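Notes to accompany the following structure.
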Amino acid sequence: MHHLLPLLAALPLLGAALLVVTGRHLPRAAAETTGLVFSGGTAALALVLTLNSSPPMVEWVGGWLPVDGESVGIVVVGDGPALGMAALVSLLTVAALAYSWRYFAEPPPGHPGAFTALMLVFQGAMCGFALAGDLFNAFVFFELMSVVAYALTGYRIDEARAVQGALTFGVVNSLGAYAMLMGIGLLYARTGELAMTKIGRGLDTAAAGHGGPDGLVLASFVLVLTGLLVKAAAVPFHFWLPDAHAVAPTPVCMLLSGVMVELGVYGVWRVYGTVFAGPGGIPAADLTRALVTLGTVTAAVGAVMCWYQRHIKRLLAYSTVAHTGLFLVALGVLTPEGDDGIALYVVGHAGVKAALFACAGILLDRYGSVDEHELHGRARELPGVAVMFAVGAVGLAGLPPFGTALGKGVAEEAVGGPLTVVYVAASAITAGAVLRITARVFLGLGPRPRDARSDLETSGTGERPETSGPLRRIPDTMRTVPAVLLAAAFAVGVVPAFGGLVARSVNEAGSGGAHASVRWTAHGILLGLASTALAAALAALAVTRPRWVAAPGWAVPLRRLQSGHVGDYVAWLLMGVTVLGALALPGVLGG
Amino acid sequence: MSDAVIVVALLLVAACATAAVAQRDPARQALVLSVLGLFLAVLFTVLQAPDVGLSQLAVGSALTPLLIMLSVRRTRRRGRTKEGPE
Amino acid sequence: MNRLRLWLLAVGGAGLTALLVAACPGLPRFGGRSHPYGERAVRASLDRHTANTVASVNFDQRAYDTLGEMSILFAAVLGCVVLLRQARDEHRARPEPAAVARPVRRYALIVLPVALVTGLYVVAHGQLSPGGGFQGGVVAATALHLLYLGADYGALERVRPLAVYETSDALAVCAYLVLGLAGVLAGTAFLANTLLPYGTFNTLSSGGAVPLLNAAIGMEVASAVVVLLATFLDQAVEIEEKQGS
Amino acid sequence: MQILPYLVAAYVFLVGCYGLATSRNLIHTVGCLSVCQAATYVLLLAVGYRDGATAPVFSDVEPGSRPVVDPVVQALTLTDVVVGATVTALLLALVLQVAKRHGTVDPDELRELRG
């Protein structure tokens with residue numbers, strides 16, 4: 001069984017290569033079917049492997065099995081979280097490919113399969129990254145994932161914003177990746193190894209010699225985490241995300257927001273747990289300080305910025321930022337419950353967020369606009385989409401029994417105390433913004449908002465539909481995909497065995513052998529209901545009394561920071577490195 | 001002896017990297033990058049990495065600057081056609 | 001330049017500098033002796049009769065990394081082809097054949113075959129001497145573009161049917177993956193180099209699957225670089241915007 | 001000499017970052033990114049160097065007769081070089097499209113995405 005692990009990365013790549021070889025002579029439908037077959041086959045393989053991931057599997061690529069505990073090969077890890085992420089990635093790719101079925105108006109001349117091929121490479125890269133047990137191999141797949149994502153983001157070359165967003169995305173993420181590579185180089189210098197477990201052990205041995213971590217450990221920790229947090233869009237590394245996610249083609253947005261960003265969070269979990277968790281690494285208190293601080297700020301900034309958007313896809317992108325913050329907070333407390341909670345939250349969030357992007361895509365293709373003000377009341381004719389949008393909004397708020405609610409409840413219990421407020425507030429504000437859109441765009445409630453401060457915001461008007469022309473009828477595939485995704489997010493919370501299964505496999509892989517049980521609690525259900533009620537209240541207020549919730553003066557500088565200037569974003573990245581270093585410093589000084 | 005060569009190569013790389021950043025005109029920057037690629041290839045060779053040196057020579061001092069030059073030409077040509085007929 | 005960015009840059013740059021400088025004392029002395037992984041890799045390479053250890057690491061021990069790397073190249077080329085496709089508001093203009101000075105032409109046409117052969121030689125000796133698929137591939141592909149100097153753009157386009165190179169790029173990726181899958185089908189492991197005899201040390205056919213993977217990479221890199229240069233040249237020379245757009 | 005190569009790597013990375021943040025031309029930005037990447041090559045190869053050792057190629061050296069430098073970092077750097085070239089190419093392609101759609105390659109003049 002374990003020999004099949006690398007195939008999760010290899011199969012989609014093979015599919016992509018075959019599509020390019022034969023692409024010229026294939027009709028479009030055949031190319032898209034091939035894509036679905038390869039991506040679906042990988043998804044099936046990932047699911048089978050996930051169900052067999054206890055006890056965790058390990059595969060040495062090339063058959064370089066360790067001799068006396070030492071190997072020259074690359075290790076691939078097949079434990080629950082790794083395979084679970086790979087399965088999530090694959091299923092979402094299948095959904096995105098199904099959504100884009102006959103969707104793009106204009107495949108490049110001579111390359112009818114190019115878009116599908118790029119999506120397959122994206123899938124393979126994300127699977128490869130999820131399974132990587134070797135730090136440099138993780139970097140390679142990280143970079144592959146980034147390169148495909150830049151190309152996919154800029155896919156609509158006729159759109160001025162799309163190419164600008166893709167370029168910003170490319171520069172910032174590449175710089176993050178190089179920082180990560182510097183960190184890997186430092187770790188290699190210290191330990192002379194590349195497999196994550198070996199590096200972890202090497203750090204511990206070295207620290208035993210001179211008592212605790214030193215500047216090198218701190219620097220490598222900060223640099224590696226910088227790369228991952230740029231991907232995860234933690235504040236202040238997050239600026240690229242709204243610019244890129246708002247402009248990427250809709251099926252790509254589903255993958256970017258649904259899983260790619262979460263893979264950054266997953267990478268932090270994997271790298272900290274295997275490399276830096278030992279006595280030679282970064283003390284737990286420092287990691288908690290760093291991640292909880294950054295996570296809280298990320299959730300706050302994401303939620304506030306989300307509320308003030310009128311560009312619907314940009315609004316959804318900021319809600320992803322806010323949720324990443326929540327994931328980081330739960331990850332930072334380093335408890336088995338926290339890990340279980342985010343695992344479930346990530347799965348539920350992927351379904352909900354992808355469905356919301358799919359609905360936004362329907363608006364874009366039907367009206368050529370994703371602007372809340374311009375579309376006011378125009379989408380009354382799409383009741384089905386309206387229901388899905390509203391359901392997605394309450395799913396985002398964490399209304400029981402959605403999977404997001406289960407995950408959020410478990411995570412809230414794990415973080416406890418005042419941090420619970422962050423969870424309730426961030427999920428309520430982002431969900432409230434989505435409900436506001438539902439009320440205004442799909443129901444036409446309230447007065448039509450007036451445009452203000454156009455120098456401060458990006459409007460969603462004047463966008464070109466992604467189909468050959470504005471759709472008169474919404475194709476069945478585009479309706480079915482979000483419905484299925486929402487149903488799946490619902491099922492995550494409802495199917496009783498699922499939560500237990502996720503918790504068991506997450507705890508088996510990490511958390512130091514401790515097992516936590518995952519179940520609905522009164523506390524979690526109440527908080528979920530509270531978030532939803534708060535979201536509904538905010539949306540109602542926004543529609544009926546827009547003045548009361550208009551942008552206050554202090555939000556203006558925050559919005560100005562999102563300047564769209566790549567130089568600013570690079571400067572913020574450096575600032576983030578400094579902040580991260582400062583937050584993790586006390587443990588190193590104390591050691 | 002070899003240490004001295006390494007130090008010189010390192011300093012040349014550092015100086016050239018500074019020049020590549022300081023040169024704000026992209027066409028000239030491409031030339032500086034090409035020289036940087038050359039110095040890096042020399043450095044890699046004295047660091048006993050001929051494989052990397054060779055690929056740096058091919059990629060860093062030929063391919064990348066060439067791509068940059070082509071891009072510069074494209075953007076400049078665009079500027080010209082835009083100004084021309086209007 | 002806005003003032004906030006300068007402040008951020010100053011503080012962030014100072015922080016990063018401090019971090020990197022603080023790491024330096026912890027680093028092993030430059031030129032130190034402790035390279036555990038490196039020494040294991042050398043032993044493994046000699047066991048499998050591969051004279052160039054770097055090739056052994058690239059195409060045998062860490063061949064999975066190389067798979068990722070070739071996929072990056074493949075994806076980037078596909079991405080460039082897609083991003084630099086002819087947009088709706090652009091058209092192609094035939095460039096006028098430019099007169100090339102005779103010495104330049106003669107020089108280019110003499111160097112071209114030499115460079116091509118050098119590239120192929122470097123690819124073929126990848127597992128023996130420095131060089132290999134990457135380096136040779138880039139040299140061969142760049143050499144082909146001497147034609148642009150030596151003749152003109154039309155001549156280059158005739159010897160460079162892009163579709164063929166795109167296909168061979170993808171075929172090389174397929175070949176690499178199929179070689180890897182053969183290991184799984186044979187019951188060993190993905191990309192296992194155990195199916196072919198390792199041959200005699202220091203000969204062209206030594207190293208088992210290493211020469212095959214190396215050749216696949218050479219083909220991929222050469223075709224990929226040709227396509228890359230072609231799409232950029234196309235932009236620089238042929239594609240023009242329609243007036244008034 | 002003991003830490004000079006590491007300091008040079010750090011310096012090159014920082015200089016590249018400075019260039020990225022202050023660049024007024026997107027093509028120049030992409031060039032600065034490749035400067036940042038050069039820092040990673042220098043760091044990796046410096047880590048793998050060994051005094052008095054030769055290149056890890058045994059076609060004309062008797063195996064075991066002389067120490068060799070670390071071949072693993074060389075393989076990593078080789079991968080890194082190729083990655084760098086492809087990223088540069090892709091970003092330049094995007095810059096070309098930005099130039100076409102916005103009519104400028106000055107990041108200060110790109111005002112479409114904000115807030």
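Below, read A as the first sequence line, B as the second, and so on, with proteins coming before strands; counting in each chain starts at 1. Note that the structure is predicted; figures quoted are calculated from it, not measured.
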Chain D contact via A:Ala177 - side chain, backbone, both or neither, heavy atoms under 4.5 Å: neither
Segment of D:Leu44 engaging chain A (4.5 angstrom heavy-atom cut-off): side chain
Segment of D:Leu26 engaging chain A (4.5 angstrom heavy-atom cut-off): side chain
Residue A:Leu561 versus chain D: region with a heavy atom under 4.5 Å: neither
Side chain, backbone, both or neither of A:Tyr318 within contact of chain D (heavy atoms, under 4.5 Å): side chain
Under 4.5 Å from any heavy atom of chain A - which part of D:Leu43: side chain
Contacting moiety of A:Ile157, where chain D heavy atoms sit under 4.5 Å: both
Best-contacting candidate, A:Leu573, A:Leu574, A:Val171, A:Val566, against chain D by heavy atom pairs under 4.5 angstrom: A:Val171
Contacting moiety of A:Met305, where chain D heavy atoms sit under 4.5 Å: side chain
D:Tyr18 portion near chain A, given a 4.5 angstrom heavy-atom threshold: neither
Rounded distance [0.5 Å steps], CE in A:Met182 versus CD in D:Gln37: 11.5 Å
Worked verdict on D:Thr86 versus A:Glu143 for side chain to side chain contact (heavy atoms under 4.5 Å, CB included): CA-CA 11 Å; D:Thr86 58; A:Glu143 196 67 12; over 6 Å; no
Heavy-atom check, side chain of D:Arg101 versus side chain of A:Asp158, under 4.5 Å: yes
Trace of the side chain to side chain contact (heavy atoms under 4.5 Å, CB included) decision for A:Tyr178 with D:Leu33: CA-CA 9 Å; A:Tyr178 299 153; D:Leu33 199 61; 3.9 Å; yes
A:Leu167 CG to D:Gln97 CD distance, which is reported to the nearest 0.5 Å: 11.0 Å
Euclidean distance, D:Leu91 CG relative to A:Tyr150 OH, rounded to 0.5 Å: 6.5 Å
Atom group of D:Leu110 that falls short of 4.5 Å from chain A, counting heavy atoms: both
Point-to-point distance, once rounded to the nearest 0.5 Å, from CG of A:Leu181 to OG1 of D:Thr40: 4.5 Å
Heavy-atom side-chain proximity of A:Phe136 to D:Val72 below 4.5 angstrom: no
Side chain / backbone / both / neither for A:Gln164 at chain D, heavy atoms under 4.5 Å: both
Stepwise side chain to side chain contact (heavy atoms under 4.5 Å, CB included) check, D:Leu76 with A:Leu194: CA-CA 11 Å; D:Leu76 304 189; A:Leu194 286 171; 3.8 Å; yes
Greatest number of heavy atom pairs closer than 4.5 Å to chain D - which of A:Pro242, A:Ser174, A:Ala571: A:Ser174
Residue pair D:Cys36 / A:Leu175: nearest heavy atoms and the distance that separates them: SG-CD1, 3.7 Å
Contacting region of A:Val247 [heavy-atom separation from chain D under 4.5 Å]: side chain
Pair D:Asp70-A:Tyr188, side chain to side chain contact (heavy atoms under 4.5 Å, CB included): steps then yes or no: CA-CA 11 Å; D:Asp70 192 335; A:Tyr188 186 84; 2.6 Å; yes
Best-contacting candidate, D:Val83, D:Thr29, D:Val95, D:Val47, against chain A by heavy atom pairs under 4.5 angstrom: D:Val47
